[in-house]
Amino acid sequence: MTPELHQCRFLRAARREPTDTTPVWIMRQAGRYLPEYRAVRSKVAFLDLCKRPELAAEVTLSAQHALGVDAAILFADLLPILEPMGFQLEYTPGDGPAILNPVRVRDDLARVHELRNADELGFVFETVRLVRKQLPADVPLLGFAGAPFTLASYAIEGGGSRDFARTKRIMYGCPELWAGLMQRLADSLVRYVARQIESGCQAVQIFDSWAGCLAPADYRDYVLPYTKSVFDRLPPGVPAIHFLTGNPALLRLQRQAGGSIIGLDWRVDLGEAWRSVGYDVAIQGNLDPVALQADLPTLRAQAKAVLDGAAGRPGHIFNLGHGVLPETDPDNVKALVSLVHEQGASRQ
Ligand code: CP3
């Protein structure tokens, strides 16, 4: 890694070293709220955009440039990894992603393969290479993937879900299918994320967006061992953000499952959450995404409250508590980035 990258704000904070100001990036920063994204997206279907490295790279770079954030995140999606594992994936406008051949009974496991040849996801690694070549020398590129539970929920439900009843029924009642699916996902993720890093990512985020639907004991028994086996096998020394939403009762288990940076949603007080997971990890978060739709004084006060929670302690990466919403005004996102940089500087 170049010295500029190694010493950049994001990676210093990821290592819990002091920084000139608080680093900030925004989950889903290259999304539908951004005119630059909509312009590209109007010409190509979502999955095709993911699979065309020069377009995916353009979208990644234009978001980082427009917002002035301290990290770029690879433009891709959580679910394409499921295709080479035997699932048929489709995105329908308005309905979100769908898996056309979900697994429901034990015998379905026979058609789920572990990702053996990561080259089947070569478009992702090519995007990483193209982005890394063009990013400013001091801006790191984040790779990402879904955690085993969140991916399993799509593989079983066939799409989004409110109560994850099918997923939980298999988790409770069909141990062979559950273990087989979770193990194949975990093993595939290790290969996939390692290749993102080899291709040029400086850090990664693992999204367990839907694990918050679980009771703590169920998360511990049915999910944590698989998530932990992913984090334990990621390349050492590369910062890994472990993000989970919707259930503060899982915080300590989330920490136990791994990651050198714990990603928080907005339902917790950042200061309390950091104390509870321990100061030996970095922390990311956790402004309510809807605060970006408030007036500027409110946005400023809300951002200040998040920074107050971190209290100038090295190791805070500012972000939203979940992805930026499509109806957000990009100017407010830019204003947020500036005010985090401004207010963060006085606290170091
Ligand atoms: O952060 C970034 O800018 C990088 C790109 C990124 C996307 N999806 C692009 C995307 C990332 C990191 C994701 C992660 C993702 N994908 C998650 C976890 C994130 C979280 O918020 O917890 C999940 C659950 C998915 C699966 C997915 N992809 C859903 C549910 C949807 C439809 C809903 C939606 O937000 O639109 C997608 C589509 C998707 N992924 C879009 C984008 C920009 C919108 C597609 C479009 O242009 O129509």
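Just follow the structure's listing: the first ligand is 1, and inside any ligand the first atom is 1. Model, not experiment: these values are computed from the prediction.
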**Request:** Could you list the residues that satisfy ring pair (Phe, Tyr, Trp, His ring centres under 6.0 Å) with F231, not counting sequence neighbours?
**Result:** H242

**Asked** What residues, two or more places apart in sequence or in another chain, satisfy side chain to side chain contact (heavy atoms under 4.5 Å, CB included) together with R252?
**Response**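 Partners of R252 under the side chain to side chain contact (heavy atoms under 4.5 Å, CB included) test: S276.
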
**Message:** Starting from L325 and following side-chain heavy-atom contacts under 4.5 Å between hydrophobic residues (I, L, V, M, F, W, Y), which residues can be reached?
**Reply:**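 The other cluster members (ILVMFWY side chains, heavy atoms under 4.5 Å, direct or chained) are V290.
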
**Request:** For K334, look at atom NZ and say whether over 12 heavy atoms of other residues, nucleotides or ligands are found less than 6.0 Å away.
**Result:**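 Enclosed: over 12 neighbouring heavy atoms sit under 6.0 Å from NZ of K334.
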
Expected rows: ligand 1 N/O, protein N/O, dist below 3.5 Å:
residue	atom	partner	partner atom	Å
ligand 1	1 (O)	R28	N	2.8
ligand 1	3 (O)	Q29	N	3.2
ligand 1	3 (O)	A30	N	3.0
ligand 1	8 (N)	R28	NE	3.4
ligand 1	8 (N)	D77	OD1	2.8
ligand 1	16 (N)	D77	OD1	2.6
ligand 1	21 (O)	H322	NE2	2.8
ligand 1	22 (O)	S209	OG	2.3
ligand 1	22 (O)	H322	NE2	2.6
ligand 1	28 (N)	D77	OD1	3.0
ligand 1	28 (N)	D77	OD2	3.1
ligand 1	35 (O)	R28	NH1	2.8
ligand 1	35 (O)	R32	NH2	3.4
ligand 1	36 (O)	R32	NH2	2.6
ligand 1	40 (N)	D77	OD1	3.1
ligand 1	47 (O)	Y37	OH	2.5
ligand 1	47 (O)	R41	NE	2.7
ligand 1	48 (O)	R41	NH2	3.1

**Message:** Taking the six-membered ring for Trp, are Y226 and F149 closer than 6.0 Å centroid to centroid?
**Reply:**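 No - the distance between ring centres of Y226 and F149 does not fall below the 6.0 Å cut-off.
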
**Message:** Is the distance between the ring centroids of Y37 and F75 under 6.0 Å?
**Reply:**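 So the answer is yes for these two rings.
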
